[in-house]
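One structure below.
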There are 2 protein chains.
Amino acid sequence: MARPARLTKTGLAEKLSPVFERYGYDGASLSMLAAATGLSKASLYHHFPRGKEDMALYALAHAGARLQKLILAPLAGKDDPRDRLEASLAGTGRYYGGDIPHCLMNSLLLGEGRVLFADRIATAVTAWRQGLMAALSDSGVLGAEADSWAREMIERIQGALVLCRVSGTREPLETCLDALISELPLS
Amino acid sequence: MARPARLTKTGLAEKLSPVFERYGYDGASLSMLAAATGLSKASLYHHFPRGKEDMALYALAHAGARLQKLILAPLAGKDDPRDRLEASLAGTGRYYGGDIPHCLMNSLLLGEGRVLFADRIATAVTAWRQGLMAALSDSGVLGAEADSWAREMIERIQGALVLCRVSGTREPLETCLDALISELPLS
DNA sequence: GTCTATACACCGATAGAC
DNA sequence: GTCTATCGGTGTATAGAC
């Protein structure tokens, strides 16, 4: 495989994301972001000339790539639809890692971040929903029911993530994912 | 009824809440909060001597009172449990008002706000969950099922609120509340 | 590509007049 | 109880040496 530069944008985005996840766009300061990367504020501007907005965009791009890999790709195969849905939900548990899982797209929806990133986030959520719908349809669930199930799955996962922040644990998410698997409307 | 002072703490909390809801604790600046109340920053400190933290606490107290009135009180009557649950869900729709509904307790769970307010928020969520459980139990739903239904209802409502911020509309919340009413596990 | 030093606006908070 | 004026600190962002 190609040897990557020691400091890739992807590598930086990986370190920036947790700050945006925990503090939101307004709450994430350049001092925090610099500390998280191990660079100075000035060096961050070398990599992200347009400043904090650029950094959040790269964090979002990184989140989108992980969404694709861990959640959407498993949905798209040609295996048994039940296996695909279960694999995607398992991937969802890995996507939302950490002792207190956070959703970057949720955190960026407050304050100034909503103005800047709502379109991009809506696109990602739509892709997620359509991926779920497709797998549900493949399993024989009728169109309208597949639609409402896909919506409900994302709704419950996002709600569980809120409850994780309330309780300070991963437990609501794990319980939710288990419940979703057992309630899948499949034959 | 007693004549209230022209500027009550409750009246101020009502004006402060939308700012904390939309921007979170870190993102809400004193300039915004002053503008929202029509007071100067110095006057805000007269009413809330400990500054922004005090203001957020009063906003939380105001939210707690509204939760009690619109969501919890309807659950606690002696009417038919189905009527109580439906009344509470209708109250939930009013509690989360506005063109893009926001949840103060959710918004305060980011950044510094989580450190300061997580305990208080967890207490409110627990009360909500127990109120739902009690009404479900009264309707004959078994303990374990009442517990998981109460959890799922809050989870879905919170998730729907996230999707409202994604789409910029009330529609996910309204759809969720309608679905919950029609799916209530009652006789 | 990294850094130190710095610019200037805004932050939360306070002093003190009215 | 409200205000203007101001404090010290931090915010984002830039200049320029190495």
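These values consider heavy atoms only, across backbone and side chains, with no hydrogens, waters or symmetry-generated copies. Protein chains get the first letters and strands the later ones, always in sequence-line order, with residue 1 at the start of each. Here the structure is a predicted model, which means the values were calculated and not measured.
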(request) At under 4.0 Å between heavy atoms, which parts of nucleotides 8-13 of chain D does protein reach? Answer with one letter per nucleotide, 5' to 3': B base, S sugar-phosphate only, - none. (result) ---SBB
(message) Please verify the inter-ring angle class for A:Y25 with A:F117; under 30° counts as parallel, over 60° as perpendicular, anything in between as tilted.
(response) perpendicular
(request) Check the hydrophobic clustering (I, L, V, M, F, W, Y; side-chain heavy atoms under 4.5 Å; chains of links allowed) and say if A:L110 and A:V166 are grouped together. (result) no
(request) Please collect all salt bridge (charged side-chain N to carboxylate O under 4.0 Å, His left out) contacts where either partner lies in residues 134-148 of chain A, sequence neighbours excluded, each pair once. (result) A:R84-A:D138, A:R129-A:D147
(request) Would you list the pairs meeting salt bridge (charged side-chain N to carboxylate O under 4.0 Å, His left out) in which at least one residue belongs to residues 164-175 of chain B, sequence neighbours left out? (result) A:R151-B:E171, B:R170-B:E174
(request) Report the distance from atom CG of A:L44 to atom P of D:dT14, rounded to the nearest whole Å. (result) 13 Å
(message) Under 4.0 Å, heavy atom to any atom of DNA chain C: which of residues 14-23 of chain B qualify?
(response) none
(request) Would you tell me if any nitrogen or oxygen in the side chain of A:H47 comes within less than 4.0 Å of OP1 or OP2 on C:dT2? (result) yes
(request) To the nearest Å, give me how far apart NE2 (A:H46) and P (C:dG1) are. (result) 4 Å
(message) Measuring to OP1 and OP2 of D:dT2, would you say a side-chain N or O of B:S40 lies under 4.0 angstrom away?
(response) no
(message) Test your reading of the model: is there a side-chain donor-acceptor pair from A:S139 to the backbone of A:L136, 3.5 Å cut-off?
(response) yes
(request) For residues 20-38 of chain A, pull every pair meeting salt bridge (charged side-chain N to carboxylate O under 4.0 Å, His left out), keeping only residues two or more places apart or in separate chains. (result) none
(request) In whole angstrom, give the distance that lies between atom CG of B:L12 and atom C1' of D:dG1. (result) 12 Å
(request) Any pair with a residue in residues 105-127 of chain B that passes salt bridge (charged side-chain N to carboxylate O under 4.0 Å, His left out), sequence neighbours left out, goes on the list, sorted by first then second residue, please. (result) none
(message) Could you measure the distance from the CD atom of B:Q68 to the CG atom of B:L75? Nearest 0.5 Å is fine.
(response) 9.5 Å
